[in-house]
Amino acid sequence: SYASSNLYEPYMLWDYLRSNLEAAISVSPDGHRWATAVENVEWCDVNGASDLEINLLKSISLIDLFKDRSPVSAKREIVQTCGGSASNKDFEQALKKLSGWSRIIYREYLETYAIFEGSDFDIDRATNHALEEIETIDFGKLIELASLQPVLAKRHYHEYGALRWFDVKICPVSDLENKVKEFEPKLDVIGCFLLVIPTEEETKEYAQEKCETIALSLTQNDIIIGLSMHSWKIKKMARELLALEYVYNNSIELQGDRVARREVITRLTDYQAQLESSLSQAFDTAEWFQKGETSASLSQAELSGMASKLASERFYKCPKIYNELVNRVKPSGTANAAKNSLLKRMIEFAGHPNLEIEGYPAEMGLLKSLLQATGIYSFVKGEWKFISPENFDDSSDTHKLKGLWMETTKLLQENDNRSVYLNEIYDLWRKEPFGVKDGVMPILAVAYLLTNEANVAFYREEIFQSKVTDLDIDYLTKDAADIKFRWMNLSELSRNLLSGLAEIVRSLDSENRLKDMKPIDVGRGLISIFDKINPWTKITLNLSSNARKIRDLFKRANDP
């Protein structure tokens, strides 16, 4: 209740309707008149109309909106009462301005004011005509309009730090088999929840049997097929939405008609919201068919649980890496810059606390989460060093890196007769059961190299590198096809020669003592000595025949 001295003005009701019921009005038979009124009010507001002018415009539009259900008409006397305490002069000027702006029109034969519509586009007729043209439903367009969101494997993400999800798609029952065959997971997509929609008067029994049969024929659990009783209602709604979208994109009359265009957009938004709601209801009530499992009805929250279960079963050896910056398929430019900085420090400052990173830049976070938290870069016996996870026991392998290192070593050992492209290693890591993200692979690759320096040789553009440098890191991060790793196994003859070669290195390079006399270190030492000699020595002919042969051997050498 309210006091008689504090009556609500008509324009206040207009404001209330717009704030709370605009969506409902826009899709009602009064939608066109409402859109016209809103267009006029907004135009006046932008062009500096006074409060009186805007209030009169709102009041006239409100009376016009209810004219078919109310005896009140927008006669001059009634409109003037809507002006409140405004003087006759101000009232006359306000009406004159609104008429001059073509915002209102005076109908002399009825002696009433009305909103100037400025549009005679019949949306319902255009939509019905479009419906006649639509024979089949474009499900690709429908998915786009409905804004279906993927189902995230949330529990898997919290456990492993790797974000994966299942796509959400809809398709007709008649095309279910083809859609299943065509599905190919991309990037982080590891499967699909496929909701089928009857489009050809299929019965529930027929649709259910087809879903079950196709689910049983799947080779793996990457597609889960759903069927809901609400699916039968979606066809009509989908056709109406597509028809309205067709009208909006193909009606030439709309191009110069802002009022009609606004009404079409409003209807599109409302239909889209209704379709999303219906699809959400269908997903919540669907019966899901999965290979090797009994069909079950699951809520959308339970679908996330199923996605996590399937992701964890498929990638059960996935390393646990908790860093959102790089543990993804395509890191941002900022994340890549931090990653490259860390990689170069891994090469240059190995053995130093925090790799000589000062403060708390992004690369410090990568160091802490990827190298120190995982135990790869640890303080052992008074010094910082890179430690292979292959040396971890089960209790210390909390981040599940041991299996990844062992499989990588196995790949290199099985191909010890050749150099293995880094891309081959990445392919191994990317596939099941590891599922490592592309963004973190360069860091793991360099870490693997540094933890296996005694056995793994590094090649850039087919040439063995005695020492990995900043340049090599640039090549590694830009194109892994330029980089190769090779496992070095020595024959009996090679072992006999190793001791003598090590003595040569020690005698020619006093700084390299080769304490452990590792095969790779000996090869690196020899190449390093050759790289440091005077450039003139590499081209002169004033050497003995035997010296030239040895020099040419080093110049042509691309393998230790």
Side-chain angles (χ1 to χ4, degrees), residues 319 321-323 325-327 331-392 396 399 401 404-405 408 422 425 439-460 464-478 480 482-483 485 505 509-516 518 520-525 527-529 531-532 560:
I321 299 174
Y322 307 112
N323 190 290
L325 276 179
V326 294
N327 196 16
S332 66
T334 302
N336 282 327
K339 177 176 65 179
N340 293 344
S341 176
L342 175 65
L343 289 171
K344 292 177 180 180
R345 286 185 172 275
M346 289 169 67
I347 296 301
E348 187 174 355
F349 296 105
H352 295 258
N354 291 332
L355 300 177
E356 291 296 315
I357 300 174
E358 298 181 356
Y360 294 95
E363 51 266 33
M364 176 65 87
L366 298 183
L367 168 68
K368 295 291 185 183
S369 59
L370 273 68
L371 300 179
Q372 292 184 353
T374 58
I376 293 177
Y377 193 60
S378 300
F379 190 69
V380 180
K381 295 181 180 180
E383 62 178 332
W384 285 94
K385 59 173 63 177
F386 284 94
I387 300 174
S388 172
E390 293 182 74
N391 298 323
F392 295 169
S396 59
H399 290 261
L401 287 164
L404 188 72
W405 251 245
T408 307
L422 185 55
I425 297 175
V440 77
M441 285 184 182
I443 297 176
L444 295 180
V446 174
Y448 178 84
L449 180 68
L450 294 175
T451 58
N452 286 280
E453 285 185 298
N455 299 306
V456 178
F458 180 88
Y459 298 79
R460 169 170 46 87
F464 169 72
Q465 305 298 316
S466 60
K467 181 181 180 182
V468 181
T469 64
D470 287 0
L471 178 62
D472 299 314
I473 295 300
D474 290 336
Y475 273 84
L476 184 148
T477 54
K478 288 179 181 178
D482 292 326
I483 304 299
F485 288 179
V505 172
D509 186 355
S510 59
E511 296 180 359
N512 190 350
R513 305 315 301 157
L514 288 178
K515 295 180 181 179
D516 298 327
K518 298 174 182 176
I520 292 299
D521 289 339
V522 174
R524 291 190 181 109
I527 294 295
S528 179
I529 292 169
D531 289 342
K532 292 177 183 177

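None of these values were measured; they are calculated from a predicted model.
No side-chain heavy atom of Y459 sits less than 4.5 Å from a side-chain heavy atom of F485. By the 4.5 Å heavy-atom criterion applied to side chains, N336 and T477 are not counted as neighbours. I321 has its side chain out of reach of S369: every pair of non-hydrogen atoms, C-beta onward, lies at least 4.5 Å apart. Within the 4.5 Å cutoff, no side-chain heavy atoms of T469 are placed close to those of I347. Under the 4.5 Å side-chain criterion, counting only non-hydrogen atoms from C-beta, L370 is not in contact with L444.
The ring-ring contact (aromatic ring centres under 6.0 Å, His included) test applied to Y360 returns no partner, not counting sequence neighbours. Every salt bridge (Lys or Arg N to Asp or Glu O under 4.0 Å) that D472 has, sequence neighbours left out, goes to R460. Residues that satisfy the ring-ring contact (aromatic ring centres under 6.0 Å, His included) test with F386, not counting sequence neighbours, are Y377. The side chain to side chain donor-acceptor pair (under 3.5 Å) search around S341 returns E363, not counting sequence neighbours. With sequence neighbours left out, the side chain to side chain contact (heavy atoms under 4.5 Å, CB included) criterion links A335 to L325, V326, P331, S332. For the side chain to side chain donor-acceptor pair (under 3.5 Å) test, no residue two or more places apart in sequence or in another chain qualifies with T374. Annotation: side chain to side chain contact (heavy atoms under 4.5 Å, CB included) contacts of K368 (sequence neighbours excluded): N354, M364, Q372. Among residues two or more places apart in sequence or in another chain, the side chain to side chain donor-acceptor pair (under 3.5 Å) test is passed with T451 by W405.
For residues 344-356, the salt bridge (charged side-chain N to carboxylate O under 4.0 Å, His left out) pairs, not counting sequence neighbours, are K344-D474. For residues 334-356, the ring-ring contact (aromatic ring centres under 6.0 Å, His included) pairs, not counting sequence neighbours, are F349-H352. Identified under the salt bridge (charged side-chain N to carboxylate O under 4.0 Å, His left out) test for residues 369-392, with sequence neighbours left out: E383-K385.
The line from CG of L476 to CG of L422 is 5.5 Å long, rounded to the nearest 0.5 Å. For the atom pair Y448 OH and I376 CD1, the distance stands at 12.0 Å (nearest 0.5 Å). With rounding to the nearest 0.5 angstrom, the CG atom of L371 is 7.0 Å from the CD1 atom of I443.
Shortest non-hydrogen contact noted between L449 and V468 is CD2-CG2, 3.7 Å. Heavy atoms only, all atoms of each residue included: P319 and L404 are closest at CG-CD2, 4.0 Å. Contact detail for K339 and P442: the closest heavy-atom pair is NZ-CG, 4.1 Å.
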Between I387 and F392, does a side-chain contact (heavy atoms from CB on, under 4.5 Å) hold up when you go through it step by step? CA-CA 9 Å; I387 300 174; F392 295 169; 4.0 Å; yes
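Between the side chain of N327 and the main chain of N323, no donor-acceptor pair closer than 3.5 Å is present. Side-chain atoms of D482 do not come within 3.5 Å of backbone N or O of Y475 as any donor-acceptor pair.
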